[in-house]
Every structure is written in C-alpha cells, then in structure tokens.
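The analysis underlying the following values was restricted to heavy atoms, covering all of them including side chains, and did not include hydrogens, waters or symmetry mates. When a ligand or atom number is given, it counts from 1 through the structure's own listing order. Values in this document were obtained by computation on a predicted structure and should not be read as measured data.
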Amino acid sequence: MRQIFISIFLIFFLFNCKQSTESTATDSSKTEVVDEVSNSSKAEFAIIIHGGAGTILKKNMTPEREAAYKAKLEEAIRVGYEILKDGGSSLDAVQKTINIMEDSPLFNAGKGAVFTNAETNELDASIMDGNTLNAGASAGTTNVRNPINLARVIMEESPHVMMAGEGAETYAQEQGLQIVDPSYFSTDRRLESLKRVKDREAKKEKNIDTESAYLDFYDADIKNAKFGTVGCAALDKNGNLAAGTSTGGMTNKRYGRVGDAPLIGAGTYANNNSCAVSSTGWGEYFIRAMVAHDISALMQYKGLTLKEAAQEVIQTKVPELGGDGGIIAVDKDGNMVAEFNTAGMYRASMNDKGELEIGIYKD
Ligand code: ASP
C-alpha cells in the first residue's frame, strides 16, 4: 500500500515538473515572438507635425481656409518626409519642415506670428536632438526670419542651450542667419486679433476691480488668443529622434513673456530611449506640467506606451491644472501620436510607406 502511494506521488511529481518546464518554454517563446513582432513592426522612419491647437471648429471655418491649411500642412510634411526617405537626419527634417510653416502667414510662427500687447512680434523656438540630448532654444527675438534655424545654431555652434532677446539676435547675425525688418512678421489678421483681445480686456477692466490682472490671466477667453504654433517630431533611418517647436506665443502677451515653446522639457523634448515631442497650447500650464519631458519620462521610467503617456499628460494632468492644448510625438519604434484636449489641432503625419494623414478637428 505504501509503495503504491509513493509510486502515485512520484508519477504526480514528474508530471508536474514536465508541465512547468513546458510552460516556461512556452512563455519564453512567447516573449521572443512578441519581440519579433514589435521589431518587425518597427518603422524605418516617421514624421508628424502640428500647426497649433485650440477652439478650431468646423462651423467657423470656410472650405477655402480649410483647404489652405491642409495644403500647407501637406507641403510642409512632404519636405521632411523626403529628407527622411533619402536617409537624411531627423534634425534636418524637423528644421526644414518647420521652415515651411514659419514662412506661411497661416501659422503663429515666423511670418503671421501673433502680436504682443506692445504691437510687436516676439518669437520663441527650440529644437532637440534625441541622440545626444543636445538642445537649442531662442526666446523673444524680433528680427530673425526663421527662429528654428537660430535654435539649431545655438544648439550646434554655441556652448549654450538658450539665448534670449537682443543677445540672441546678435548671435543670429554673427552666424549669418537671415535677418528681416520686424515688420516682416506683421499680418492684418493677427493685428485684428490683438485689437479684439484688447477690446475684451478693456471691457473687463471696467467691470472688475482689484483682481482684474489675475482674472485676465485665468479668463477662458485667452485660451483663444493663441493659435498656430508649429512643431515637428521625427524618427530617421539611423534611429535618431528629434523634435522642434516655433511660435509667436500668445496674443497680447506682455513684458518679455516667454511661453513653453522654447523651454526644453515643456514645449520640446527628444530622447532616443523614448520619444520626441512638440507641444502647443496654453504655455503657462505646459511649463508647469513639463509636458514634453513628462511624456518621455512616463515611457522611460514607467514603461507606458507613447499613447498612454500622452493621454495621461494631455487628458489628465494638463486639464486638472486648468490648461488646454495638445502634442504631437513619435517614439523610437516610429509609433506616432497626436493628442489634444481642445476642439481641434492642425496636424499631419507620414509613415515610411508614404501614407499621409491630415487632421484639423477632433474626429
Ligand atoms: N504654447 C504657445 C505659448 O504659450 C502657444 C501655442 O502653442 O498656441 O506660447
């Protein structure tokens, strides 16, 4: 009886050992398969752009205007796409793509930038190399035609990351960048926007006493005083990520105000270990939420996917603080995301198969 019992026990024991070896083997082969799948689905290169986020509603858009935005987004992204397809760097793709949008009066960057309270145009830009974590940024320039070019020379030619105001302008001149008369940036459309915002502000000041300055800052109306910041994120064939952002900031901004766009970690971030991000939205909140770096950190340290990380920051963290806006981003495998909590965001993406997607509204 005792022998029978021991035999049954041994058979049971051996059977279990076999099962667990098999299941370990199955698990590890599963891991390999998953790795292979993700490797084989890794894109060779990818590019995504934005032209600003905000209350962009179809009912307020004419078909001509919509077509003009779409055409410019397509023109811009195709420039970067061709660079990447030919084996060029993500930094070149980002810079040249942004140049097209800076030169277009449709966007709040370069020509067509919004006006400050003093009726000037003060431009901010930044760029980051995900391979070296080198970065460059310029703030508050008034005569450098393409601020993203200045950000790039600051990154590559100077020992600094950020330069502002007159010093940045002098450096741009020294580096041979194109300098324009400040009136180059002016457009009637943006001047009209400034007048509207100032009118609203004057009306408010009549009704509201001591806290008017703060109320103006927190007023929902100013959410609409910023449209059309531009940005680009790209992955090149060498696996290098880059991101860049260029903007005129917010209509009616005062006294040397600098937004998130030129701040590395808020408006722009790129890291080959995670992703490349460019932000657009209410800069004060994007600075406090460290939007671009937060997305990268959630991926790198917490293992979130790009989509999960972007949702966490844009749909939860930023709105909880009271801000609005969006981001475009690409990860090291070429996955692309456009995430925003506003009614719309001008955006476009192209993958390594040449498939183009363009969007303006939420759906
Ligand atoms: N983020 C920009 C700023 O606050 C504005 C925008 O993206 O629309 O300067």
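- If you check each of G281, G283, G326, G228 against atom 2 (C) of ligand 1, the one with the closest non-hydrogen atom is G281.
- Taking any N or O of T247, backbone or side chain, none lies under 3.5 Å from an N or O belonging to ligand 1.
- Side-chain contact annotation: N341 with Q315, donor-acceptor N/O pair under 3.5 Å absent.
- Between E284 and R288 there is no salt bridge, since none of the side-chain N atoms of the basic residue sits less than 4.0 Å from a carboxylate O of the acidic one.
- Listed by number with element, the atoms of ligand 1 under 4.0 Å from a non-hydrogen atom of T280 are 6 (C), 7 (O), 8 (O).
- With ligand atoms numbered from 1 in the order given, ligand 1 contributes 5 (C), 9 (O) to contacts under 4.0 Å with heavy atoms of G249.
- Listed by number with element, the atoms of ligand 1 under 4.0 Å from a non-hydrogen atom of T229 are 2 (C), 5 (C), 6 (C), 7 (O), 8 (O).
- Of the charged side-chain nitrogens involved, none lies within less than 4.0 Å of a carboxylate oxygen, so that K302 and E308 do not count as a salt-bridged pair.
- Polar contact check, R257 against ligand 1: a nitrogen or oxygen pair lies under 3.5 Å apart.
- When all heavy atoms of E201 and N252 are compared, the closest pair comes out as OE2-ND2, 3.0 Å.
- Taking the six-membered ring wherever Trp is involved, the centroid distance between the rings of F115 and F185 does not fall below 6.0 Å.
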